[in-house]
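Take a look at the structure below.
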Amino acid sequence: MDPLWYKDAVIYQLHVRSFFDANDDGYGDFEGLRQKLPYLEALGVNTLWLMPFFQSPLRDDGYDIADYYQILPVHGTLEDFRRFLDEAHARGMRVIIELVLNHTSIDHPWFQEARKPGSPLRDFYVWSDTPDKYKGVRVIFQDFEPSNWTFDPVAGAYYWHRFYHHQPDLNWDNPEVERAMHQVMFFWADMGVDGFRLDAIPYLYEREGTSCENLPETIEAVKRLRKALEERYGPGKVLLAEANMWPEETLPYFGEGDGVHMAYNFPLMPRLFLALRREDRGPIEAMLQETEGIPETAQWALFLRNHDELTLEKVTEEEREFLWEVYAPDPRYRINLGIRRRLMPLLGGDKRRFELLHALLFTLKGSPILYYGDEIGMGDNPFLGDRNGVRTPMQWSADRNAGFSRAPYHRLFLPPVSEGPYSYHFVNVEAQQENPHSLLNFVRRLLGIRNRYAKVLGRGSLRLLPVENRRILAYEREYQGERVLVAANLSRYSQAFDLPLEGEVGLVPVELFSQSPFPPVEGRYRLALGPHGFILFTLRPKAEVERLYLPDWVATEEEVEAPQDLPVVSLSGGVEGLFIDTLADERARASFLSALGRVLGERSWLALRPERVELKDALRLQKAPPLYLTLLRLEGEEGSLEAFLPVALRPEGEGPGLFARVRGGGYLFELSQDPGFYDLLLRRLAQGFEGRSLRAHYRGRHPGPVPEALELLRPGLAAGEGVWLQVGLVQDGGLDRTERLLPRLDLPWVLKPVGGLYRARGQERRALALTGTLPSPRPQDAFAYALRLAGEGLARLQDHPVGEGALGLVAHALGELEALARLLGVRLALLHRALGEAEGEGEGVPLLNRGLEAFVEAGGEVFLLALGREGRGLPLQDLARLAYDLERALYLAAEEREGAEAWVDLAADFLEAALLQAYQEVNQGEVQAVGFPQAMLALAQEQALWKEGSGRKRVLERWRRKAGDQEVQ
Ligand code: NOJ
């Protein structure tokens, strides 16, 4: 266990009473809370803070305790508490409870005893014969209590209380009191709770002539409490101080690391609201500076709202007047020195401000606390007394009593908000879980980010960036080289600004919600943010960002072999000896073909591991250095096929496709992955190509433009400025069919070939390569595109627990991939129809017979440029191939991203549903989704046969699981 866990904590504050009622008596209980743990886990919080659940007359909602060792019966039994605690722990959550040290209820037996004349317990409380002692000490609950003293007729004396008169203060000058309270702490810590919130901690001691707040004696008592805790349990249990004070009064509670572990950042909280309304970062910056420099092991607890009024005790009078004016113009919302409203109504229901404040809450220095219900934007009820208006039942659904309880309405401990825009009919978990754009799902996504960057956000340093525009608050968090950059627009209007990033030149800001890279930093970094907008970046080295999006064939296949380990071809004469039958050097040719077979066995574009390679024909494309176009027949366990492959002999042993060393000088390369070959071929075609081998005529042309360089999109497909070139590495007739049919398909997203390379032998003519033009300059292979989208999508989900309502998150994170799946579904349906018309009606559907590699993406559009070999079948087979590729992209992307794999199953289901549904919307009734799992399983088996790794095995495992076939190889 990391004893500093509280630095990575995301805390959820809740009232057991208000959360969920499992036994229908109108009060929330521990069993109810236990049942809702999956919700909390899925939300992304890892620590729960429970408000008081002890025996109490509930005159101060439980902060008036009558027995520290008993649970209020409406909340369940100690057994229920234990069960809840165990399950929370099992889910990796920690639990902080309340330790109310300052006062008890008047109902507590101590007080009932103490008030009796001559009682030995009299000294447990603070008594006086006159109400004049400690004159000048402020009254905290000033709307309710005229004095800190109340006369008790039984005792015949006044007793001291800083809060309600029914909450007498304990007398900490009496060592018995301290001992008793340590015992209370031990009791709950023994049971396994992980920490204690020290309620009203500044008021333990009283001294004449002082404010009776934050006295040195109080600080010492806190340190003794920590010492007692650590002596008994070692490090790992935390103390969290509720000291609503000015910064310089709060800091002493941390001591030198020997006081509390955490304290609420009360100074910062109201200044967040102030800065937001003044649209100026000043108040936040001032408080960040004031609250700096706490001990290394200490941590601030950050919050926006809690169960009390939004306190304005520790702001200047001017600040208070301003805040009251703008946030609580209606006096009904004012109480004591604060505002009794929940977060969303305070913000006037403005989603942008809600999001902005959460972005700050989760990225400023400290551990954030969410107040239950604020994650869905719950409202308040001004008609309930005291602060009860912000403590109403959690709104789970639009069902009766907000889904909180099945008790009759009049038995509920408080009514749920049921009127106005915050009524549970509209604002509830169920509705928001479904909706990817809800507040709830926004908070979950933001927490996903918080958790992924837990260390840097929880423990890192904070450096304010001096942006000239004061409406912008910008800061950089840093921890052990990892950086997160935050910029927030406090204004309700768009703002432009320059971030002073001169020190980060060369780094790439990657936006955290989308995971998309921004232009690299070259100096001052100009940005603009919309009204109350914000942006979160991580700063990454350029090379790292590029590597993350490389297509799989680059990442997995170029394991370069050291030249000395290469197979050797002993060639006595010229290179013709390898290629031209009439000049053949048979022994050299045999070793050449076997070395070629070996390297082809590793090529993912080839659905076969060749055991025998036969040279059927060869044509010289270039004399020096020699480059031959070869036609090969490959045989393997999986069957046989013909391949068209460029092979070169070069003097240097470096570069893609190196597969043999030639004794006598040079190295052999197969060029399927060499962009230089595609360049050369296109140029030769553009010149008009003509050639003759021993067995056939070769002709080629390309009437389109010739860009300076071509980029390899995948083996067999290259493109450049406005041009594409396909090489039929596998000669299965697909290219001929492409050439024959694409021009006949009248669909704007079908790319028609304009040129190519053809081989003619007698009547037989076949296409070895095709060229065409592109409407957009920078295309990419559709699989690479899907892989990139999958990577971005999974990065958004990574480290977020898959849990209840996870589909809403998936829908948001994978929005682009879903759009692609739907687009492909529609296009496949249209294609089946068009192919049917072009190839004639008959049995089954004329198949595309290809997966994603039939398409390219360019400028956000998806184009078809290749058909597979001829064939008829069920539409399901094509759908399965596309689904298979999408799924494989997910698994591949997940390999790169820790914690992402847990999402793949759900993500794949989601995408497959989108694909099938889109197909069916166009070709109604053509797909029988029942056969889909079988089609997927068959495809996954076939694919896994000839190629391991690269996600194939995982897809197979998944479909075996889905088909109910548990036996996994
Ligand atoms: C602080 C608590 O947050 C508040 O709710 C309570 O009324 C006082 N302490 C008195 O216990």
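Whatever order the structure lists ligands and atoms in, that order sets their numbers, starting from 1. Keep in mind that this is a model prediction, so the values were computed, not measured.
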Between K116 and E113, is the closest basic N to carboxylate O distance under 4.0 Å? yes
Would H103 and F163 count as a ring pair (Phe, Tyr, Trp, His ring centres under 6.0 Å) if you check the C-alpha gap in whole Å, the side-chain angles of each, and the deciding distance to 0.1 Å? CA-CA 9 Å; H103 48 264; F163 296 96; 5.2 Å; yes
Set of residues satisfying side chain to side chain donor-acceptor pair (under 3.5 Å) with respect to D8, sequence neighbours excluded: K455, R459
Just the distances, no angles: every ligand 1 N or O to protein N or O pair closer than 3.5 Å, one line each.
from, atom 1, to, atom 2, distance (Å)
ligand 1, 3 (O), R197, NH2, 3.1
ligand 1, 3 (O), H307, NE2, 2.8
ligand 1, 3 (O), D308, OD2, 2.5
ligand 1, 5 (O), H307, NE2, 3.2
ligand 1, 5 (O), D308, OD1, 2.6
ligand 1, 5 (O), D308, OD2, 3.4
ligand 1, 5 (O), R387, NH1, 3.2
ligand 1, 7 (O), D60, OD1, 3.1
ligand 1, 7 (O), D60, OD2, 2.7
ligand 1, 7 (O), R387, NH1, 3.0
ligand 1, 7 (O), R387, NH2, 3.4
ligand 1, 9 (N), D199, OD1, 2.9
ligand 1, 9 (N), D199, OD2, 3.4
ligand 1, 11 (O), H103, NE2, 2.9
ligand 1, 11 (O), D199, OD2, 3.0

Return the orientation label for the H165 and H161 ring planes: parallel under 30°, perpendicular over 60°, tilted otherwise. perpendicular
We want to know whether Y125 and H108 form a side-chain donor-acceptor pair, criterion being a heavy-atom distance below 3.5 angstrom. no
Taking the six-membered ring for Trp, is the centroid-to-centroid distance between F273 and Y327 below 6.0 Å? yes
